[in-house]
Structures are given as C-alpha cells and as structure tokens.
Amino acid sequence: MTDHLTRTGPGITRLNPEVLHKTPGYHHITVVEAGRTAHLAGQCPLDAAGDLVGPGDVLAQTDQVVANTLAALAAVDAGPEQVVRTVIYVVTDGTDALGAVWQRLTGSPLGPAFSTASTLLGVTRLGFAGQLMELDVTAALPAGPDVTAALSG
C-alpha cells in the first residue's frame, strides 16, 4: 500500500510506501517503464566559458547548476518532470547548508526534479577548486528521434 502515488508522465510513477518515513518532498521510489534514459554528467557551477560562478557562495553556485541542468535537459527535449533520480553533493558538514541548498533547488524552476528519488550528501571536496555543489541527474525520455542526429545536424 502507498500513502502517496504520483504519475508524472508517460511511464513514470513515484510512490512512498506507508511503512517508510514521510519525506520532505521527494519520493522513496520512482518506477520508470522501459524506455530511453538520459544520464547527465555531474552539473557544476561553471558558466559557458568554464569559469566558476559564485566563489564562496553555495546558493549562487546552486543557481548556476540549476541553469546548466535545465539547459542540458532541454538539449534532449526533457524537463524537470522527466527527472527520475538526483544526487546532490554539497561541500559541507553542516545541516544548515544542506537545508539551504535543498530549499533553493526545490524552489527553483528545476524544483519538480526533486520530487523523485533524491539523495543529498555533504562531502569534503568536489572536482573544481572552489566548487561547493554539484548535481547528478537521470531523466526518462519520451520515445523520439535519435538525439545524436538532431545535435549533429
């Protein structure tokens, strides 16, 4: 039995079994019927020139990561509603910073992406000097044309 079941698109169902704890907005389980998926590389707080945005400001970096993620999803004709898994990495050992990033993400245009199976982690370091957060995303794509052909044409 479930206390909350949501269908967010063709072939995507999210649910929270009654026997598991209540969540602050995400679902314990996301089921995707067989189809195409997009696995985004970890989205970093870099601008189009490859420069770090918001040195020392995790919320400014979060905003850049949101913009980058939306652009990456749009490149494969997907939006936040098609996201089926997220992992959020924040350089911190404090719950206040983790909570602030979660609030910024869920309140952003990418917010629906975090109603899915999500993990939020505090880590000691990320790949770029000064980088304070990164987002790993998997999306379920609708059936459609080969995106490599669309991108190369």
Side-chain angles (χ1 to χ4, degrees), residues 4 6-9 12-16 20-32 35-142 144 146-153:
H4 186 72
T6 306
R7 296 190 198 293
T8 59
I12 302 172
T13 303
R14 296 177 167 96
L15 59 113
N16 286 321
L20 296 176
H21 67 85
K22 298 221 181 291
T23 69
Y26 65 89
H27 288 82
H28 283 288
I29 301 167
T30 299
V31 177
V32 180
R36 299 179 326 133
T37 58
H39 301 267
L40 278 57
Q43 296 299 294
C44 299
L46 304 177
D47 63 17
D51 296 323
L52 181 71
V53 171
D57 185 344
V58 72
L59 296 181
Q61 290 190 13
T62 300
D63 293 343
Q64 184 64 45
V65 165
V66 165
N68 293 350
T69 303
L70 289 168
L73 289 169
V76 293
D77 291 327
E81 297 78 12
Q82 282 78 47
V83 171
V84 295
R85 177 86 174 116
T86 64
V87 181
I88 307 148
Y89 303 92
V90 182
V91 177
T92 187
D93 63 357
T95 57
D96 289 345
L98 291 170
V101 168
W102 179 257
Q103 291 299 321
R104 187 65 150 237
L105 289 169
T106 59
S108 77
L110 188 60
F114 303 100
S115 67
T116 191
S118 295
T119 300
L120 175 62
L121 300 169
V123 298
T124 57
R125 179 156 171 93
L126 291 166
F128 293 99
Q131 180 182 357
L132 300 175
M133 75 93 56
E134 186 166 328
L135 178 61
D136 185 14
V137 173
T138 303
L141 302 179
D146 179 358
V147 294
T148 58
L151 293 174
S152 62

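As the structure is a prediction and not an experimental result, all values here were calculated from the model.
Checked by atom type and distance alone, the side chain of N68 pairs as donor or acceptor with a backbone atom of C44 at under 3.5 Å. The main-chain N or O of S115 is found under 3.5 Å from a side-chain atom of H27 such that the two form a donor-acceptor pair.
For the atom pair CD (Q131) and CD (Q64), the distance works out to 11.5 Å, reported to the nearest 0.5 Å. A distance of 12.0 Å separates CG in L121 from OG1 in T92, rounded to the nearest 0.5 Å. To the nearest 0.5 Å, atom CD1 of residue I29 and atom OG1 of residue T13 are 11.0 Å apart. Atoms CG and CG, from L141 and L73 in turn, are 8.5 Å apart once rounded to the nearest 0.5 Å. For the atom pair D47 CG and L52 CG, the distance stands at 8.5 Å (nearest 0.5 Å). For the atom pair OG1 of T69 and CD of E134, the computed distance is 9.5 Å after rounding to the nearest 0.5 Å.
For S118, the side-chain contact (heavy atoms from CB on, under 4.5 Å) test picks out Y26, T86, W102, F114, T116, with sequence neighbours left out.
Annotation for L70 and P80: closest pair CD2-CG, 3.9 Å, computed over non-hydrogen atoms. The shortest heavy-atom contact between V53 and Q61 is O-CG, 3.0 Å. Scanning both residues, P112 and E81, for their nearest heavy atoms gives CG-OE2, 3.9 Å. When all heavy atoms of T23 and H28 are compared, the closest pair comes out as CG2-NE2, 3.4 Å. Residues V76 and A38 approach most closely at CG2-CB, 4.3 Å, considering heavy atoms. When all heavy atoms of L132 and L126 are compared, the pair lying nearest together is C-CD1, 3.9 Å.
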Check step by step if side-chain contact (heavy atoms from CB on, under 4.5 Å) holds for I88 and M133. CA-CA 7 Å; I88 307 148; M133 75 93 56; 4.0 Å; yes
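The only option from T62, V66, V65 that meets the side-chain contact (heavy atoms from CB on, under 4.5 Å) definition with R104 turns out to be T62.
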